[in-house]
Colleague: 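Supplied in structure tokens, the structure appears directly below.
What you see below is based on every heavy atom in this structure, not just the backbone, and it leaves out hydrogens, waters and symmetry mates. Throughout, residue positions are numbered sequentially from 1 according to the sequence presented. The shown structure was predicted, so the numbers you read here are calculated from the model rather than taken from an experiment.
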Amino acid sequence: MAAIDIITRYFPQLTPEQIEHFTQLDALYRDWNAKINVISRKDIDALYEHHVLHSLGIAQMIRFKPGTHILDFGTGGGFPGIPLAILFPECEFLLVDSIGKKVKVAAAVAEALALKNVRTLHGRGEDVKEQFDFVVSRAVMRLDELVGFTRKLVHHEQRNGMPNGLICLKGGELQAEIRPYKRIVEVQDLYPTFSEEFFKTKKVVYLPL
């Protein structure tokens, strides 16, 4: 089974262009990872399961409507922003990270794929001067810290079926993190929707801001 098959199994409605973009990620990240270590050496063989599909777990919480503006806060080498930008080509993404070499990889991958809906920025996410419909992130910090940094980055003009806010990918025990927000937070398990063992502890957390 080709590595890309794990994506097409869960997202069977992809266009040929989207499939081609996802397929190209393997060679692009292997090439860049040999120069700049953005994914652990042992994890690069699990790129599609541990990074691409995991990023697309956000689509289990929400399918962004065309025109949605999304900030990927602490994108690293482009996760979850790059896979989401491929999945939602009519949405606009800004990928930001404070580590320049990681943003360089994200920018190079977006350019190689000719993703017109992706911008990248080297800097601290909390210093971004724009506002967005949603902020997404993948386990960059505790939820309360993330809320503190991102609240001012979300505007209140709603265009999706759920209020604007923060959507993050988390793993492990979250009860202490979500307790302050228990009346409004929504937590969704990625397993068994994604049936691989890796996803047994993985969750998507949505918090309206």
Side-chain angles (χ1 to χ4, degrees), residues 10-15 17-18 21 52-76 78-98 103 106 110 115-121 123-171 174-175 177-190 193-194 202-209:
Y10 293 114
F11 295 90
Q13 307 303 321
L14 295 175
T15 66
E17 182 179 38
Q18 287 172 315
H21 281 156
V52 181
L53 184 59
H54 188 209
S55 296
L56 297 178
I58 285 174
Q60 301 302 328
M61 180 68 75
I62 182 174
R63 294 297 173 111
F64 297 115
K65 290 190 175 177
T68 301
H69 287 237
I70 300 137
L71 172 68
D72 180 0
F73 188 98
T75 188
F79 300 102
I82 295 284
L84 289 174
I86 296 172
L87 188 64
F88 299 106
E90 296 179 327
C91 298
E92 299 294 325
F93 291 82
L94 176 62
L95 280 50
V96 63
D97 201 283
S98 61
V103 176
L115 297 178
K116 305 298 186 191
N117 61 333
V118 172
R119 294 179 293 138
T120 58
L121 178 66
R124 291 162 59 89
E126 59 268 29
D127 294 333
V128 172
K129 301 302 182 191
E130 303 170 48
Q131 287 191 311
F132 302 84
D133 300 299
F134 289 93
V135 175
V136 298
S137 87
R138 192 166 74 134
V140 295
M141 61 184 67
R142 283 179 51 87
L143 191 59
D144 56 349
E145 295 174 330
L146 200 51
V147 169
F149 283 134
T150 59
R151 189 182 294 278
K152 66 182 177 59
L153 299 172
V154 176
H155 64 73
H156 300 293
E157 183 183 332
Q158 186 178 334
R159 74 180 88 216
N160 286 268
M162 51 205 285
N164 298 352
L166 173 66
I167 306 173
C168 49
L169 294 159
K170 289 274 191 179
L174 294 177
Q175 289 306 313
E177 276 194 62
I178 66 175
R179 190 173 295 119
Y181 314 102
K182 62 183 178 183
R183 287 184 297 112
I184 55 171
V185 72
E186 186 176 339
V187 180
Q188 192 166 311
D189 294 321
L190 287 179
T193 302
F194 295 163
K202 305 301 182 190
K203 299 172 174 63
V204 189
V205 178
Y206 160 65
L207 189 66
L209 294 178

Colleague: Is any side-chain heavy atom of Phe194 closer than 4.5 Å to a side-chain heavy atom of Lys202?
Modeller: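 Phe194 does not reach Lys202 side chain to side chain.
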Colleague: Look only at the side chain of Gln18 and the backbone of Ile86, and say whether a donor-acceptor pair between them is shorter than 3.5 Å.
Modeller: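 Side chain of Gln18 to backbone of Ile86: a pair is present.
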Colleague: If you measure from CD on Glu145 to CD on Glu126, what distance do you get to the nearest 0.5 Å?
Modeller: 10.5 Å
Colleague: From Glu92 CD over to Phe132 CZ, what is the distance, rounded to the nearest 0.5 angstrom?
Modeller: 10.5 Å
Colleague: Strictly distance-based, threshold 3.5 Å: is any side-chain N or O of Glu90 a donor or acceptor partner for the main-chain N or O of Gly67?
Modeller: no
Colleague: Heavy atoms only: give me the nearest Pro80-Ser55 pair and the separation to one decimal.
Modeller: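 In this case the closest contact between Pro80 and Ser55 is CA-OG, 3.2 Å.
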Colleague: Closer than 3.5 angstrom, by distance alone: can the side chain of Asn164 be matched with the main-chain N or O of Glu157 as a donor-acceptor pair?
Modeller: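 At least one qualifying donor-acceptor pair exists.
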Colleague: With side chain to side chain contact (heavy atoms under 4.5 Å, CB included) as the test, would you mind laying out the steps for Phe79 and Val52 before giving the verdict?
Modeller: CA-CA 7 Å; Phe79 300 102; Val52 181; 4.2 Å; yes
Colleague: Sub-3.5 Å donor-acceptor pair from the side chain of Gln60 to the main-chain atoms of Val204, do we have one?
Modeller: no
Colleague: So His155 and His69, do their side chains get closer than 4.5 Å, heavy atoms only?
Modeller: no
Colleague: Taking the side chain as every heavy atom from C-beta outward, state whether Ile70 and Phe93 have any atom pair closer than 4.5 Å.
Modeller: yes
Colleague: Taking all non-hydrogen atoms of both residues into account, name the closest pair between Leu87 and Ala59 and its distance.
Modeller: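 Looks like CD2-CB, 3.7 Å.
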Colleague: Checking side chain to side chain contact (heavy atoms under 4.5 Å, CB included) for the pair Val103/Leu95: CA distance, chi angles, key distance, verdict?
Modeller: CA-CA 8 Å; Val103 176; Leu95 280 50; over 6 Å; no
Colleague: Identify the two heavy atoms, one from Pro66 and one from Arg159, that lie closest to each other, and give their separation to 0.1 Å.
Modeller: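 Taking every non-hydrogen atom into account, O-CD, 4.5 Å.
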Colleague: Rounded to the nearest 0.5 Å, what's the gap from CG on Leu207 to CD1 on Ile178? Could you check?
Modeller: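 Rounded to the nearest 0.5 Å, the CG-CD1 separation comes out at 10.0 Å.
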Colleague: Determine the minimum heavy-atom distance between Leu143 and Cys168, stating which atoms define it.
Modeller: CD1-SG, 3.8 Å
Colleague: List the atom of Met61, the atom of Glu186, and the distance in Å for their closest heavy-atom pair.
Modeller: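 Met61 and Glu186 have their closest heavy atoms at SD-OE2, 3.6 Å.
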Colleague: One pair to check against side chain to side chain contact (heavy atoms under 4.5 Å, CB included): Phe64 and Val136. What are the steps and the verdict?
Modeller: CA-CA 12 Å; Phe64 297 115; Val136 298; 4.3 Å; yes
Colleague: Are any of the side-chain heavy atoms of Lys203 and Asp189 separated by less than 4.5 Å?
Modeller: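 Yes, at least one pair of side-chain atoms sits under 4.5 Å.
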Colleague: More than 12 non-hydrogen atoms from neighbouring residues, nucleotides or ligands closer than 6.0 Å to CD on Glu130, yes or no?
Modeller: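 It does: Glu130 CD has more than 12 such atoms within range.
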Colleague: Just so I know, are the side chains of Thr193 and Tyr10 near enough to count as touching, which here means a heavy-atom distance under 4.5 Å?
Modeller: no
Colleague: What distance do Leu169 atom CG and Ile58 atom CD1 have between them, rounded to the nearest 0.5 Å?
Modeller: 4.0 Å
Colleague: Could you tell me if the side chain of Ile62 sits less than 4.5 Å from the side chain of Phe134, heavy atoms only?
Modeller: yes
Colleague: Any chance you could measure Leu56, atom CG, to Leu84, atom CG, to the nearest 0.5 Å?
Modeller: 6.0 Å
Colleague: Provide the closest heavy-atom pair for Ala85 versus Leu115 in the form atom of the first, atom of the second, distance.
Modeller: CB-CD1, 4.5 Å
Colleague: Could you measure the distance from the NZ atom of Lys152 to the NZ atom of Lys129? Nearest 0.5 Å is fine.
Modeller: 6.5 Å
Colleague: Side chains of Val96 and Thr75: does their closest heavy-atom pair fall under 4.5 Å?
Modeller: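 With C-beta onward as the side chain, the pair stays apart.
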Colleague: State, yes or no, whether a side-chain contact exists between Thr68 and Phe88 at a heavy-atom distance under 4.5 Å.
Modeller: no
